[in-house]
Amino acid sequence: MRFRQTGRREMAVMVLALFLVVNAGRATGQEPVNQSADSLELTLDKALELALSDNPTIVIANKEVERVDYARKEAWSSLFPAISAEGSYTRNMKLPVLFLPEGVFGPGSGGAMEMGYKNSFQGSVTAGMPLFSMSLLQNIKLSEHDMKAALESARASRINMEAEVRRAYFSFLLARDTYEVMAQSVENAEVNLESVRQFYGQGLVAEYDVIRSEVQVRNLKPGLVQAENGVRMSEMMVRVLLGLGQEIPIKVSEALFDFEGVGLSETAGFGDGMLEQNTQLTQLDLQLEKMRTQFKLVRSQRYPTLSAFMSYQAVAQANDFKFGDYQWANPLAAGLQLSFPIFQGFSIRNQEKQVAVGREQLQLQRDYTVRNLVLQLNNANTNMLKALEQIESNREGVRLAERGFRIAQTRYKAGAGTLLELNDAEMALTQAKLNLSQAMFDYLSAETEYRQVLGREE
């Protein structure tokens, strides 16, 4: 049996055919979803919960937030005093000398005179704290920007993961609906074959009808196997995103049309300001704020810095190691240090221009991104509206196809219709059901894209 398909339907058939080649050995012809009593009851909400808690992408994003938080605390620690202690011991193999003029202390004095002792001990404690440093304050602001960017990046990871899970989950539901439609088509063809055989046994139809009916059943079964493998592969994708092993059976009771009408009031329409939560724009805005701070950081090199310091030392010298007899000197000093830049060869000016040009580039990128996002949002909204119209049309098409199939069956059994009419009616019914499921999937995919562009979280 052949279905006339275009666009996404052709792509779906190609993918299912590839699945058949790869997984032909696994096809069993049975219901592909394990429905055992100990199966994991999986819903869309449960799938999102598992993905946002166990998926490695989300875990890595959360770790990045933790790392940046420590970097922010490190930047703030620069405001606290820095205290250090040092100690040293020096053994003078030869004592240092001091050269004095001849006769400075009387006849025979002067010349090279040894000074000091064999052993020298020194210990010191120093403390310093910045009192005013514009560059230090701007570095702290940069660390705050990094923290905001990490949080927004984590939010972006959650939003993208939610979109991936929703698409994978809806693809699984579509694959399962496709399998059920194909299974029903095979069942209808087998029922027709049984009826044709009975009519042939009674001499009411020709042998050609029997052969044609058997060929019809055999032509449908490969499509059923493809649909089953499609269910297996889409289920595997869901398992990968949720971090579920193959040994864990899952049970999904939801269907595509269970989501019909959910969230329509939240997503229908389009207006100004709807991109405020878009994570891509938010990250660009955070980068612009960071570059403003970077410009201030470069300019802060023109400002003076003021710091306070204190130093305490303990110094002693002796020719032996009788520490109790030592006389220790204890100098103590404290003061302020002011540093004022005067000229650095125009380097600061050129750095400021580099940052300014970078800000202009980023602003142009933001404007371009806004235009693309507005277009993407409008396209998603348009696709949602078209899919809704298609759903209503296809639902009526299914109703008419079912009625036509029943009429064709009755006409054939009464001898007023032909086998060709019956096969055409069955083909039309199968195609109508597939089109209806595809339209619902298209709507849910467009809605997922719409939510992702808006930056909404579940």
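Here the side chain of Arg72 pairs no donor or acceptor atom with the backbone of Glu144 at under 3.5 angstrom. A donor-acceptor pair under 3.5 Å is absent between the side-chain atoms of Ser393 and the main chain of Glu389, judged by distance alone. Distance alone, capped at 3.5 Å, places no donor-acceptor pair between the Gln287 side chain and the Leu362 backbone. Under a 3.5 Å cut-off, the side chain of Arg302 and the backbone N or O of Ile348 do not form any donor-acceptor pair. Judged by distance alone, with hydrogens and angles left aside, the side-chain atoms of Asp69 form no donor-acceptor pair with the main-chain N or O of Val65 at under 3.5 Å. Asn62 places a side-chain N or O within 3.5 Å of a backbone atom of Ile58 that can act as its donor or acceptor partner. Under the 3.5 Å distance criterion, the side-chain polar atoms of Arg166 are left unmatched by any main-chain donor or acceptor of Leu444. A donor-acceptor contact shorter than 3.5 Å is absent between the side chain of Ser437 and the backbone of Leu434.
With respect to Tyr412, the side-chain hydrogen bond (donor to acceptor under 3.5 Å, both in side chains) criterion is satisfied by exactly one of Asn192, Asn423, Asp209: Asp209. Exactly one of Thr279, Asn278, Asn160 qualifies for a side-chain hydrogen bond (donor to acceptor under 3.5 Å, both in side chains) with Gln452. That residue is Asn160.
When all heavy atoms of Ser78 and Leu136 are compared, the pair lying nearest together is CB-CD1, 3.2 Å.
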task: Output, in order, the C-alpha distance, side-chain angles, deciding distance and verdict of side-chain hydrogen bond (donor to acceptor under 3.5 Å, both in side chains) for Glu289 and Thr293.
output: CA-CA 6 Å; Glu289 292 180 9; Thr293 303; over 6 Å; no
task: Would you check, one step at a time, whether the test side-chain hydrogen bond (donor to acceptor under 3.5 Å, both in side chains) holds for Ser153 with Gln283?
output: CA-CA 8 Å; Ser153 179; Gln283 291 185 71; 4.7 Å; no
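No more than 12 heavy atoms of other residues, nucleotides or ligands shown are found within 6.0 angstrom of OH on Tyr208. More than 12 heavy atoms of other residues, nucleotides or ligands shown are found within 6.0 angstrom of CZ on Phe309. Other residues, nucleotides and ligands place no more than 12 heavy atoms under 6.0 Å from the CZ atom of Arg403. With a 6.0 Å radius and a threshold of 12 heavy atoms from other residues, nucleotides or ligands, Glu207 has its CD atom at or below the threshold. Shown here is Tyr200, whose OH atom has no more than 12 heavy atoms of other residues, nucleotides or ligands within 6.0 Å. Atom CE of Met237 sits in a sparse spot, with 12 or fewer heavy atoms from other residues, nucleotides or ligands closer than 6.0 Å. Heavy atoms from other residues, nucleotides or ligands lying under 6.0 Å from OH of Tyr368 number 12 at most.
Using bins of under 30°, 30° to 60° and over 60° for the plane-to-plane angle, the ring pair Phe172/Tyr169 lands in the tilted bin. Taking the six-membered ring for Trp and thresholds of 30 and 60 degrees, Phe259 and Phe170 have ring planes more than 60 degrees apart, a perpendicular arrangement.
Glu235 has no carboxylate O lying under 4.0 Å from a charged side-chain N of Arg232, or vice versa, which leaves the two without a salt bridge.
The list of side chain to side chain donor-acceptor pair (under 3.5 Å) pairs with a residue in residues 124-138, not counting sequence neighbours, reads Ser84-Thr126, Ser133-Ser135.
In this structure, the side-chain contact (heavy atoms from CB on, under 4.5 Å) partners of Asp285, at least two apart in sequence or on a different chain, are Leu288, Arg366. Under the side-chain contact (heavy atoms from CB on, under 4.5 Å) criterion, Gln376 pairs with Leu373, Glu449, Val453, not counting sequence neighbours.
Side-chain contact annotation: Asn55 with Thr57, donor-acceptor N/O pair under 3.5 Å present. Residues Asn350 and Gln354 bring no donor and acceptor atom of their side chains to less than 3.5 Å of each other. Using modelled atom types and a 3.5 Å distance limit, the side chains of Gln363 and Asp367 yield a donor-acceptor pair. A donor-acceptor pair shorter than 3.5 Å can be found between the side chains of Gln438 and Asp442.
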